[in-house]
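What you see is a predicted model; the values in this text were computed from it and never measured. Atoms within each ligand, like the ligands themselves, are counted from 1 in listed order.
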Amino acid sequence: MDSFTYVAQPARVVFGAGALRFLGREIELLGAKRALVLSTPEQADAARQVATLLGERAAGIFPHAVMHVPVETARAARAEANRLGADCAVAIGGGSTTGLGKAIALDSGLPIVAIPTTYAGSEMTPIYGLTEAGVKRTGRDPKVLPRTVIYDPELTLTLPLALTVTSAINAIAHAAEGLYAPDGNPIIALLAEEGIRAGAAALPRLRKDQRDLAARGDALYGAWLCGSVLGAVSMGLHHKLCHTLGGAFNLPHAEVHTVILPHALAYNATDAAEAMRRIARALGAERAAAGVFDLAQRHGAAVALRDIGMPADGLDRAADLALQNQYPNPRPLERDAIRALLQDAFDGKRPAA
Ligand code: NAD
């Protein structure tokens, strides 16, 4: 056994079908009395239901979360929290809503209760992002880590199948890169492999019946584990490429993860052989990169960048951007090889690795 450092993130997790009913108890345990409920405009009904459930412990709702947390939205949410005298925020939704909660916590230290309804995993990380004048800045701060997370699979029954598939592969990407992270450790590897297994195994069942509650529970459990990996160790080329493509070309978050992951794994295959073996085993596939590609394609996800809005003439710029700033990756970053990776992803070519 090699030596390692393992840092546990101090969140309280309440998991299970119907777990939303424990929200009042959880708010009380935090010592809070006035919760501001956050959501996207599309999930405003869910936010209203949460406010109704909280009764007099609800200070109000702010249903204006959008992708990538524009600073203007963050400022408006903070002002609303101040105006209402909120002493905690409840974020019900995916990574965009959790991200808004984090932006409030970053400034105010307000405790966040996250109720995730996708598999993005942000609720398990101290990573925040804020977008100003089109540039997304990310950072880590323990203040933004939600204090309590309620995972209720019933709330994911409405997640459309297409987003179910890409969001689950988004989660798998965190775990896959965690398996070759230089600061990885045996505990994180356990979480990662089990997270990939649970997420991948849930997808065929959800394709048959997207309201299969047991499969929804397995997918959400997988997302929790994968999100814990993201929160604990460094990410490599895959996350860098997705961040770059999402930010510079405004590509949809979960979809871009789904297209890039097989190619990022193929790029790293020979330099991270043990991680690939574990990813393949968790997927029940022969090879890691092709296994992820097949998982996506079998479940109807787009597998080519050109099909999710990437302009062909942006590939050179994307390759240049991917080489900016240093980040850990098993295989050294080589411009020509990264440009070739992006071309394969653009064309939707099945990787051989
Ligand atoms: P999202 O939060 O943007 O949600 C996408 C859409 O799906 C929204 O309209 C949302 O309202 C809707 N939706 C969510 N759950 C639903 C449900 N159960 N039923 C019906 N509709 C539902 O998407 P996402 O992929 O979860 O999050 C992406 C964002 O999160 C990106 O900005 C990304 O950078 C960020 N993120 C951050 C971290 C981190 O650690 N900081 C981790 C992962 C993702």
Looking only at protein heavy atoms, identify the closest one to [atom] and say how far it is in Å.
atom                    : value
atom 41 (N) of ligand 1 : Ile127 O, 2.9 Å
atom 23 (O) of ligand 1 : Gly95 N, 4.2 Å
atom 12 (C) of ligand 1 : Gln43 OE1, 3.9 Å
atom 43 (C) of ligand 1 : Ala120 O, 3.3 Å
atom 44 (C) of ligand 1 : His253 NE2, 3.5 Å
atom 38 (C) of ligand 1 : Ser122 CB, 3.4 Å

Are side-chain heavy atoms of [X] and [Y] found at a separation under 4.5 Å?
X      : Y      : value
Val144 : Ile127 : no
Arg34  : Cys88  : no
Tyr119 : Thr164 : yes

Looking only at heavy atoms, is any part of [X] under 4.0 Å from ligand 1, and if so is it the side chain, the backbone, or both, or is it neither?
X      : answer
His68  : both
Leu230 : side chain
Lys136 : side chain
Thr117 : both

Here's a test for you: under side-chain contact (heavy atoms from CB on, under 4.5 Å), which of Thr158, Thr117, Leu38 qualifies with Gln43? Thr117
Got more than 12 heavy atoms from elsewhere within 6.0 Å of NZ, Lys136? yes
Give a yes or no answer on whether the side chain of Arg140 reaches the backbone of Pro126 with a donor-acceptor pair at less than 3.5 Å. no
For the pair Arg147 (side chain) and Val113 (backbone), establish whether a donor and an acceptor sit closer than 3.5 Å, ignoring hydrogens and angles. no
Do [Y] and [X] meet the salt-bridge criterion of a basic N to acidic O distance under 4.0 Å?
X      : Y      : value
Arg277 : Glu274 : yes
Glu28  : Arg57  : yes
Lys33  : Asp87  : no
Arg281 : Glu193 : yes

Contacting atoms of ligand 1, where contact means under 4.0 angstrom from a heavy atom of [X]:
X      : value
Met67  : 3 (O), 28 (C), 29 (C), 31 (C), 32 (O)
Thr125 : 39 (C), 40 (O), 41 (N)
Leu155 : 18 (N)
Thr158 : 17 (C), 18 (N), 19 (N), 20 (C)
Lys102 : 39 (C), 40 (O), 41 (N)
Gly94  : 2 (O), 26 (O)

With respect to Asp107, which candidate in Arg78, Arg75, Lys102, Lys143 satisfies the salt bridge (charged side-chain N to carboxylate O under 4.0 Å, His left out) definition? Arg78
Criterion side chain to side chain donor-acceptor pair (under 3.5 Å) against His238, the qualifying member of Glu177, His257, His174, His243: His257
Could you pull out, from Thr40, Leu163, Thr164, the option with a heavy atom nearest to atom 6 (C) of ligand 1? Leu163
Quick test of your reading of the structure: of Ala254, Ala171, Ala65, Ser96, whose heavy atom lies closest to atom 1 (P) of ligand 1? Ser96
I want to know if ligand 1 touches [X] in the polar sense, i.e. an N/O pair below 3.5 angstrom.
X      : value
Thr156 : no
Thr97  : no
Thr118 : yes
Glu42  : yes

Measure from NZ or CZ of Arg137 to the centre of the six-membered ring of Tyr128, then state whether that distance is under 6.0 Å and the direction lies within 45° of the axis. no
Close approach of His243 to ligand 1, heavy atoms, under 4.0 angstrom: no
